[in-house]
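Only this structure's heavy atoms are used, side chains among them; waters, hydrogens and symmetry mates stay out. Counting from 1, the numbers follow the sequence of the chain as shown. When a ligand or atom number is given, it counts from 1 through the structure's own listing order.
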Amino acid sequence: MKFSERLFEKVNCIWEKTHEHPFVVGLGRGDLPVESFIRYMKQDYVFLIDYSKLFAFGTVKARDVETMAAFAKLLEETLNGEMDLHRKYAKRFGITEQDLEGTEPTPINLAYTRYMLNVAQNGSLEELISSLLPCMWSYWEIGKTLAENYQNSSNHLLYGDWVKMYSSDEFGSLAIWLIDLLDQLTEGKPERELAVLEEHFLITSRFEYMFWDMVYEGGDWPV
Ligand SMILES: Cc1ncc(CN)c(N)n1
């Protein structure tokens, strides 16, 4: 069994729960309240600022030029492709780029990005990939599922660009590249090391679920 298959099995129940989350279902049906989407978009924008730095760490930790270039491409795609989706939505809703960038991250958002940045600074390349992978892989799964389940939804249009981006072959190919790289890097590794990677993958999969919950419920600093 490939290591990525083992990881998928480990978190499948969490990811299944994500597919049923009312925020995600609302995105697909198109009936998610706009205020919830705006809260998500602002939180996600500052999330992605930190997330993109993980790819810069990937370039630093890569062991060959080809892998360095691939991480540099992921950094570029995040800053100028994925975050452009947020900027376009923000414009539609009359939110400026300064507002987006100045968003104060909620406790869950901060805990999630700090967790990954800590791994990026102190862990191996394998640990870095294991901790950032649920972010890309689970979004691709969500995108594909929504595109399939709600293709005929008449209300879908408002969030259609979101679904289109995360279900796209371009986004999927980036996720597949990372999955394959992790499979290559973990071949023949001892169980003791694999268990550490699995733990990162599990923790950040849980954070992914908590992020959806946070933007749906509006979890913010209590004082
Ligand atoms: C919280 C979160 N997780 C994942 C993704 C997809 N890169 C995202 N935009 N935001």
Side-chain angles (χ1 to χ4, degrees), residues 7-8 11 14-15 17-19 21-24 26-28 32 36-58 70-71 73-90 100-101 103-117 119-120 128-147 159 161-179 182 200-220:
L7 293 177
F8 187 81
V11 300
I14 302 174
W15 288 12
K17 251 180 98 117
T18 304
H19 291 290
H21 194 283
F23 190 103
V24 174
L27 272 179
L32 177 75
S36 301
F37 187 73
I38 289 176
R39 184 165 49 236
Y40 159 77
M41 199 187 46
K42 291 173 84 177
Q43 284 299 319
D44 205 47
Y45 197 77
V46 286
F47 170 89
L48 287 173
I49 292 174
D50 279 335
Y51 186 72
S52 61
K53 293 177 189 169
L54 300 171
F55 297 130
F57 276 106
F71 274 113
K73 182 167 176 243
L74 275 166
L75 173 62
E76 149 73 18
E77 293 284 340
T78 307
L79 291 174
N80 295 318
E82 189 172 358
M83 287 168 75
D84 212 33
L85 175 79
H86 295 55
R87 286 187 286 267
K88 283 187 181 138
Y89 269 114
L100 278 182
E101 237 174 282
T103 303
E104 187 186 11
T106 63
I108 297 286
N109 195 349
L110 200 61
Y112 186 7
T113 54
R114 294 313 110 154
Y115 181 87
M116 291 188 288
L117 283 166
V119 172
L128 169 62
I129 298 169
S130 304
S131 66
L132 68 79
L133 185 55
C135 178
M136 291 195 66
W137 192 356
S138 73
Y139 261 53
W140 186 41
E141 294 293 332
I142 290 169
K144 284 186 297 180
T145 305
L146 294 184
Y159 307 122
D161 288 342
W162 190 97
V163 175
K164 210 162 140 193
M165 162 156 285
Y166 292 111
S167 62
S168 69
D169 289 344
E170 294 75 40
F171 189 79
S173 66
L174 298 173
I176 289 170
W177 176 77
L178 262 181
I179 293 166
L182 186 62
H200 288 317
F201 196 82
L202 173 64
I203 289 175
T204 55
S205 290
R206 286 177 171 153
F207 268 128
E208 275 297 321
Y209 184 85
M210 289 162 78
F211 198 97
W212 291 118
D213 227 26
M214 175 272 290
V215 285
Y216 192 67
E217 303 288 347
D220 210 339

Chemist: Among Tyr166, Tyr51, Tyr45, which residue meets the side chain to side chain donor-acceptor pair (under 3.5 Å) test with Glu82?
Modeler: Tyr166

Chemist: Give the protein residues with at least one non-hydrogen atom closer than 4.0 Å to an atom of ligand 1, ordered by chain and number.
Modeler: Asp44, Phe47, Leu48, Glu82, Cys135, Tyr139, Tyr166, Glu208, Phe211

Chemist: So, for Gln43 and Glu104, which heavy atoms are closest and what is the spacing to 0.1 Å?
Modeler: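 The pair with the smallest heavy-atom distance is NE2-O, 3.0 Å.
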
Chemist: Do the rings of Trp15 and Phe8 sit parallel, tilted or perpendicular, given the 30° and 60° boundaries?
Modeler: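 It falls in the perpendicular class, over 60°.
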
Chemist: Report yes or no: does Tyr89 contribute a side-chain atom to a donor-acceptor pair with the main-chain N or O of Trp162 at less than 3.5 Å?
Modeler: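 Yes: the side chain of Tyr89 pairs with the backbone of Trp162.
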
Chemist: Determine the sole option in Tyr40, Tyr139, Tyr112 for which the ring-ring contact (aromatic ring centres under 6.0 Å, His included) test with Phe47 is passed.
Modeler: Tyr112

Chemist: Would you name the heavy atoms of Leu85 and Asp161 that are closest together and state the gap between them?
Modeler: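 It is CD1-O, 3.7 Å.
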
